[in-house]
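Let me begin by presenting the structure, written as structure tokens, before commenting on it.
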Amino acid sequence: SRLELSLPVIYSQRIEGWLSKALQLPGSLSMFQVQVPEGATPGQTLQLQAPSGMMLQVAVPANVAPGQTFMVQDPTAVVPNAVGASAGGIMMADPLKLTAQVDGGPDDLDFEQYVPLQEMRFDVTNYIESGCGLLWCPCFGWTTATLILNDQEVFYRKKNLCNSSVQRRPYAQVGSVDKFQVGGCCYSFSSDFAPVTFDDKGNPQGGISPGCGCSEEMVSQIVKELQGRKEKRGSIAQVRKLEFMVDKVLRLAKQVPIYIDSLGLRYVPRDPPQFDNPKPVFETQTFDVANICEKLNCIGKELVLGPEEASLTMNKCFGIQSFTTKREYAELGNVERKKVCFICATVNSDLTPEALMPGCGCQKGTVARIAQTMRDRMGDRGDVGQIRRQERMIKLLQEVDYQVPNFLQEIGVEYPPSQETMKAMYKHDEAPNIPLLKNQGVNGSNFAIEQVETKNYDITDKCDATCTLLCTCCTSGWTTKSMELQADNVIIKENNNFDDAIMTMPYAQMDSVDFNKSCCCCYEVNGESPGWGCEAAKVTELSAELQERKVKRGTIAQCKQLEALQSTAVDLDCATHATLLKQGLQYPPPQETITKVYGTMPKVLTLNPASPHIDAAKAFDTKVYNVQNTIEMACCICCYPRKTLYLEPEEAYIKTENFCSLNNSRIPYGKLGAVEVEQSCCCCWELPDIASPGPGFGCSKTLVDEIATELQNRKVQRGNIAQFKMQENILNELLKTNVKMDVLLDQKRIKFPPAQELMAKVFG
């Protein structure tokens, strides 16, 4: 099979007056070296002329300093014996495409080199809104709004003389980025940092509308940029990268046992690897989800469930007005199928705040199919799918890591290597601490894939069920509610004669576990209050179970798994490099070996060998802050309210209590969303959802800034951004290790992929 994927567009910045140094490698017409000029920085674009005469624009790779060189492919050069060559043995490469054959080399799929995204700034001030605000209250002054897109996050800042607010969100948490047109000439866009709501007539309200509202070109540019960066830095990019990484680990799981066999040793597996790698292919499905009342008002709704994301398009007045909202499956939240009034059925998700009830409301089959399709795709393309892919890589690398010492001992490789060997391997880069990597890796004593048992709870709220029974004159029957805690999801079912609802939510998408106590004896967790509301023991048990599963099967587990994979990937790369040196082989391999093994230069050999992200993740200590507002406490002195923020290594824990009530909320840093500092009335500072109103008398700017900085650092290095960076590092190490193993196998005259006879001999 063949894959053809578009390479990322590189932001252009012409370097005037500089001529690149391009040296064509012997034996290859497709690759040439480029020397980085003085003053150039990573991500900056250089304009140069390839040996073929074609003008190119290439970005300076990360960690390549001025004066150093890196490899560039000449898109129009003739490449003999290249993968995907035509019948005449010649392939002409499209300058914007990379075509490769599956299992044809260490980077046989599209491997996108990490290049920092260029920072972009947009003035999104709404002149009409700011002008009206100035007229209404001149002391506020002119309100400005700025949108800043950097490499990993989007910033949205609003400010005037008295108030200011800043939101920062990773691209994986931006949500749906949608463009809206109202009244023929007014344009706006929305996302989770500036959401749009709809009024009773279906007209959009909110969002961001720059200028006088007619800036269609700017709105289109911002939407295009945000959507493009979501694809490069969001959950879709993470899933695709993980799929690529699984392929590389599978390749390594074949290479190591075959090399052991080539040394005359018998491969004895501790956990035999499974090489089947099924990849579900999701077809696009389209559903008409407009109900009969909407159709009578000339409103149409179309739900499109694509391979990577779900989208909902609403058309008004026969298409004169059209609104589309999109969400990746990792951002759909909970998907709930609900029966209403005996015969009507709806489906809810974070795609839209309103429930979808197609047709006359009786299309239960369509609703059930929509809900199940969403859940299936969430399970594969969302956070649950990411965890499952990571766990598969861990299982494979545990076997590889267990087998590598066998050939190291047989060849006589000293491992960990001596200082001299490490210096020869890493030259000017800092050498890794091998014992520490071993301890932190997939076979380390501090790491294990944690599973959970399925449990069921009756969480019927008897107070609510009694009220429903009385209000319906007993026609509804008794309402029952149950919670099933599965391996990766929590399922809540509610049933009576009128309603039948099923809500499914992955633990990885659970924002927080909230334990509440009120009126001295009433308890609930995440809005569920079983029994008559006083079952403290059951609520405490439910809270503990949800918290444990959120930690073991959610974003915290994702981050810990990637840390272990990163440590093992660096360790394996070091071990194979030491083996190369012991066998008298070079890395990077000479051009003769590259041509023999691959035909053309593997992309990984054109990059800087160092990991693209230093300190992608970081461990944190616990910090405690008193965030109680003094004025609020004075007003309720009889209850003695107290609010404390605990910044734990993996979560933010907010404890709010007084004499009568208690509220505990635990939020993983990966689910924090925007860390937003707001200023009001010139001198009051607060953190919404964390410390609102602000601590002390509300004027503790230094404390609020310190908390915001701590939260932001932890969100970056324990959340989506850290996961993305660690994936980049792991992939870089795996690709290098694949090449080194190919060189070792080539010394034994073994070609890859191996023959079926050899596979049968080694693996049985």
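Keep in mind it's a predicted model, so treat the numbers as computed, not measured.
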| task | Test V304 against T313 for side chain to side chain contact (heavy atoms under 4.5 Å, CB included), laying out the working first. | result | CA-CA 8 Å; V304 179; T313 300; 5.8 Å; no
| What's the verdict on side chain to side chain contact (heavy atoms under 4.5 Å, CB included) for N495 and T479, showing C-alpha distance, side-chain angles and the deciding distance? | CA-CA 6 Å; N495 179 266; T479 301; over 6 Å; no
| task | For side chain to side chain contact (heavy atoms under 4.5 Å, CB included), just list the numbers for L147 and F189, CA-CA rounded to whole Å, side-chain angles, deciding distance to a tenth of an Å, and then say yes or no. | result | CA-CA 12 Å; L147 190 69; F189 68 95; 4.0 Å; yes
| field | Full working for side chain to side chain contact (heavy atoms under 4.5 Å, CB included) between L117 and L149 | value | CA-CA 9 Å; L117 299 177; L149 312 183; over 6 Å; no
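Looking at heavy atoms from C-beta onward, V124 lies in side-chain contact with Y156 at the 4.5 angstrom threshold. Within the 4.5 Å cutoff, the side chain of L312 has heavy atoms near those of the L356 side chain. In this structure the side chain of L542 never reaches within 4.5 angstrom of the side chain of F515, judged on heavy atoms. Inter-residue side-chain proximity for K550 and E651 is flagged as met; some heavy-atom pair is nearer than 4.5 Å. Residues E153 and V716 meet the side-chain proximity criterion, which asks for heavy atoms closer than 4.5 Å. Side-chain contact between N334 and D350: present, with at least one pair of heavy atoms (C-beta onward) separated by less than 4.5 Å. Side chains of T125 and T143 form no contact here, defined as non-hydrogen atoms less than 4.5 Å apart. R375 is not listed as a side-chain neighbour of I491, based on a closest heavy-atom distance of 4.5 Å or more.
Comment: D151 engages R233 in a salt bridge, judged by a side-chain N to carboxylate O separation of less than 4.0 angstrom. For the pair K241 and E728, the salt-bridge criterion is met [side-chain N within less than 4.0 Å of a carboxylate O]. Using a 4.0 Å cut-off between charged nitrogen and carboxylate oxygen, D500 and K364 do not count as a salt-bridge pair. Of the charged side-chain nitrogens involved, at least one lies within less than 4.0 Å of a carboxylate oxygen, so that E391 and R553 count as a salt-bridged pair.
Taking each heavy atom of G306 and Y329 in turn, the nearest pair found is O-OH, 2.6 Å. When all heavy atoms of N489 and V384 are compared, the pair lying nearest together is OD1-CG2, 4.3 Å. Among all heavy-atom pairs drawn from A557 and K552, the shortest one is CB-O, 3.1 Å. S349 and M374 get closest at one heavy-atom pair: OG-CE, 4.1 Å. Of all the heavy atoms in D123 and M218, the pair that sits closest is O-SD, 3.7 Å. Contact detail for A508 and Q558: the closest heavy-atom pair is CB-OE1, 4.3 Å.
Side-chain N or O atoms of Q561 include none that pairs as donor or acceptor with a backbone N or O of Q390 at under 3.5 Å. Of the possible donor and acceptor atoms, none in the side chain of E650 sits under 3.5 Å from a partner among the backbone N and O of P668. Side-chain N or O atoms of D380 include none that pairs as donor or acceptor with a backbone N or O of D376 at under 3.5 Å. Judged purely by atom type and a 3.5 angstrom limit, Q547 has no side-chain atom pairing as donor or acceptor with the backbone of V513. A distance-only check finds no donor-acceptor pair linking the side chain of N526 to the backbone of E528 [under 3.5 Å]. Distance alone, capped at 3.5 Å, places no donor-acceptor pair between the K230 side chain and the E328 backbone.
For the side-chain contact (heavy atoms from CB on, under 4.5 Å) test with K481, the passing option among I492, D461, D464 is I492; the others fail.
Stacking of R168 on the aromatic ring of F155 is not recorded, the 6.0 Å distance cut-off and the 45° axial limit not both being met.
Once rounded to the nearest 0.5 Å, the distance linking CD of Q238 with CG of D383 reads 8.0 Å. Here L546 contributes atom CG and S512 contributes atom OG; the two are 10.5 Å apart, rounded to the nearest 0.5 Å. Interatomic distance, L711 CG to Y669 OH, rounded to the nearest 0.5 Å: 7.0 Å. One distance of note links CZ of R229 with CD of Q152; it measures 10.5 Å at 0.5 Å rounding. To the nearest 0.5 Å, atoms CD (Q717) and SG (C559) are separated by 9.5 Å. Expressed to the nearest 0.5 Å, how far CZ of R327 lies from OG of S176 amounts to 6.0 Å.
In this structure, R392 places its CZ atom where more than 12 heavy-atom neighbours from other residues, nucleotides or ligands lie under 6.0 Å away.
Applying the salt bridge (Lys or Arg N to Asp or Glu O under 4.0 Å) test to every pair with at least one member in residues 297-313, sequence neighbours left out, gives these pairs: R240-E308, E294-K301, E308-R381. For residues 213-224, the set of pairs meeting the salt bridge (Lys or Arg N to Asp or Glu O under 4.0 Å) definition, not counting sequence neighbours, comprises K179-E216.
If you check the side chains of Q727 and Q386, you find no donor sitting under 3.5 Å from an acceptor. At a cut-off of 3.5 Å, with distance as the only test, no side-chain donor of D178 or T324 sits close to an acceptor on the other residue.
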